[in-house]
Amino acid sequence: MINVVASEWLKLRSLRSAFYVLASTLSAMALTGFAAFSISRYFDTNGPGEPVGTGLSFSADITPVLFGMLGVLAISGEYSTGMIRLTLTTIRRRWHLLLAKAVVVAAVAAIAGQAVAFGTYFTAQAVVGGRPIGASLSERAALTEVLAAGAGSAVAAIAGLGLATILRSTPGALIALVALLLAPTLIERFLPAPWNDWAGSLTIPALTRQLAGVPDSGAFGPSLTTIILTGYVMISLLAAAQAITRRDA
Amino acid sequence: MIEVVDLTKVYGSTRAVSGLTFDVKPGQVTGFLGHNGSGKSTTMRMILGLHAPTSGKALINGVRKQDLRDPMREVGAMLDAAEVQGGRSAFDHLQALAYAGGISRRRVVQALEEVGLAGAARKRIAEFSQGMRQRLGIAAALLSDPGVIILDEPVNGLDPEGIRWLRKLLRSLAAEGRTVLLSSHLMTEMSLTADRLIIIGRGKLIEDTPMADLLARFQGDVLVRSPHAARLARVLEAAGATVRRAPRTAEPATSRAAMLSPHPPPAEEELLVTGLSVAAIGDAALASGCAVHELAPSRASLEEVFMEITQ
């Protein structure tokens, strides 16, 4: 199994599109920077309004999409080129391949997602400067909010990997990924209370905040959020394992 | 050793492979022939555990591919050399496979040298020619030094030197006692490389014979060139042969000889004789006093045989 993980790690490292996607996550910092800038301007002219805080919430919708794409690309290229057949002939059990890819993309997404979160936080604080609308990592709440970001990114990556394994197509999986990430927000509007609140709390950005216990971030507490995020991972992997083991390659 | 036992694959309403049974034995190169859509690739995919058989089984070294403990050590395959991710370098491509099979980095370098890609190891596969991709695919199949080797159309895109190289390589792999299953549409190449042939059509087995036996069964005419063709033809017909006058082919050598010589030789004619062996024709010619200038059995080419039996 460790052999297959090493193999998949090399494959991901030698995949150009993976680097492009990781580079695009820098856009999260830029977006937060803009938001922090305009809020700071407002603060300077009109006095206290909306706070910037850690700055993560301004770009929280972008990162799950990008890390989800990373998960998609980790396998969709093998399907589109047909290389999956070569890969599968060298492997003992098909789900070993899936699990190895999941380990690799989850680890990369967790580390990169964490790095982006810290980068976003520091960008926001740099823009805010001395104004009393930022946050500090010495506050426990701010630190946990930043530290939860890596987990959210990893879950998104595994969801992307699962979708691509099931759909076996890069465009198909990317469309499904965006649809799935937006689905709770869309459904929310058509549901009566308290269902709308629950549905809206199911998006990965919302779950990431709830995991950190950010106030007013959703209907669920950290422990229930952990269960839901684990559920996302389990559903993605089990459905993908069914798909990869049952179908002809 | 590959064993295919009553293998059947049905896609929807199409029977791609139907009750196929054959063995591919070690120590020889086995050619796998069939027209496009005859079920060759499907059969190879089932042997490699990529497609699940509808019924029957395909075994590698006695077990199904998915039950092999260390599949890479036992079987190496190239199904389609184009099925690689082009953004990666040749080295990374093979190294990724090597990691999965617990194979050393040294072996990756060695495999690249063996197929003549050492100089292009760091180049992106997207920049490779078809022949180079073919070589890379062969390197991947041989990477783990497997006892069973399955190659689908490995000759495609190779230059003449590459074709010779591959022929020698496959012959030597078989001589080492490995099992080699090879498909190709290039019949001349197949007749030079394979010891045994498995021919399928519409998913069913048509032939499973040694190459020499198959060609012998389709023994063609004997070409006889003689200055006494008309008399010889009567003699041979009397001996029970069927004789056809061959269409005259322009022969610059004889016409030049005719121009230079003051006494041109009597006009030669060619006969195509069936139903008598070369020896019997020679004896009959001697007995009748007819000179014979050429006596050549024309072997049926594998291509002709293949077209005939797959009709």
Side-chain angles (χ1 to χ4, degrees), chain A residues 1-23 70 72-101 103-105 164 168-170 241-249, chain B residues 9 11 16 41-42 44-54 60 65-103 108 124-126 136-137 140-141 143-144 146 148 150 152:
Chain A
M1 190 62 217
I2 194 79
N3 286 343
V4 187
V5 172
S7 170
E8 289 306 321
W9 168 230
L10 173 58
K11 278 193 198 165
L12 192 69
R13 270 192 298 147
S14 54
L15 198 66
R16 288 181 164 197
S17 50
F19 282 92
Y20 299 151
V21 167
L22 287 180
L70 182 76
V72 166
L73 294 170
I75 197 162
S76 68
E78 292 213 37
Y79 278 114
S80 62
T81 58
M83 190 174 135
I84 191 78
R85 281 186 275 277
L86 175 61
T87 305
L88 290 178
T89 55
T90 62
I91 265 167
R92 204 170 144 224
R93 293 266 178 271
R94 291 185 180 189
W95 61 265
H96 288 186
L97 178 72
L98 183 69
L99 198 59
K101 282 188 188 285
V103 167
V104 170
V105 294
R168 296 192 279 191
S169 141
T170 310
Q242 279 293 314
I244 201 172
T245 50
R246 292 281 170 90
R247 286 187 308 210
D248 287 345
Chain B
K9 179 72 181 179
Y11 298 104
S41 294
T42 304
M44 285 178 159
R45 286 180 184 187
M46 284 193 281
I47 294 169
L48 290 167
L50 294 170
H51 284 203
T54 306
I60 294 173
K65 155 72 177 53
Q66 46 274 51
D67 297 330
L68 288 173
R69 291 213 134 253
D70 195 352
M72 243 185 129
R73 301 271 172 193
E74 306 215 37
V75 59
M78 182 186 75
L79 291 179
D80 187 341
E83 292 183 342
V84 285
Q85 288 182 281
R88 208 163 273 141
S89 72
F91 181 86
D92 284 345
H93 174 71
L94 291 186
Q95 181 64 59
L97 294 173
Y99 276 138
I103 294 158
V108 174
R124 288 173 63 226
I125 301 170
L136 182 63
L143 189 61
S144 52
V148 176
I150 298 176
D152 197 358

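When reading the values below, keep in mind they use all heavy atoms of this one structure, side chains included, and skip hydrogens, waters and symmetry mates. Each chain gets a letter, A, B and so on, in the order the sequences are listed, and its residues count up from 1. Since this is a predicted model, take the numbers as computed values, not measurements.
If you take NE2 on B:His93 and OG on A:Ser14, they are separated by 10.5 Å, rounding to the nearest 0.5 Å. For the atom pair A:Arg247 CZ and B:His51 NE2, the distance stands at 11.5 Å (nearest 0.5 Å).
Among A:Leu97, A:Val5, A:Thr90, A:Ile91, the residue making the largest number of heavy-atom pairs under 4.5 Å with chain B is A:Thr90. Ranked by heavy-atom pairs shorter than 4.5 Å toward chain A, the options B:Pro71, B:Ser89, B:Ala82 are led by B:Pro71. The candidate with the highest count of non-hydrogen atom pairs below 4.5 Å against chain A, out of B:Gln66, B:Arg124, B:Met46, is B:Arg124.
Heavy atoms of B:Arg88 lying under 4.5 Å from chain A belong to its backbone as well as its side chain. Heavy atoms closer than 4.5 Å to chain A are found nowhere in B:Phe91, neither backbone nor side chain.
Scanning residues 72-79 of chain B against chain A with a 4.5 Å non-hydrogen threshold yields B:Met72, B:Ala77, B:Leu79, sorted by number.
In plain terms, the two heavy atoms of A:Ser7 and B:Ala100 that are nearest each other are CB-N, 3.7 Å. Minimum heavy-atom separation, B:Leu50 to A:Leu88: CD2-CB, 3.7 Å.
In this structure, the side chains of B:Glu83 and A:Leu86 stay at 4.5 Å or more apart for every pair of heavy atoms. Looking only at side-chain heavy atoms (C-beta outward), B:Asp80 and A:Arg85 stay at 4.5 Å or farther from each other.
The only option from A:Leu10, A:Ile2, A:Asn3 that meets the side-chain contact (heavy atoms from CB on, under 4.5 Å) definition with B:Tyr99 turns out to be A:Leu10.
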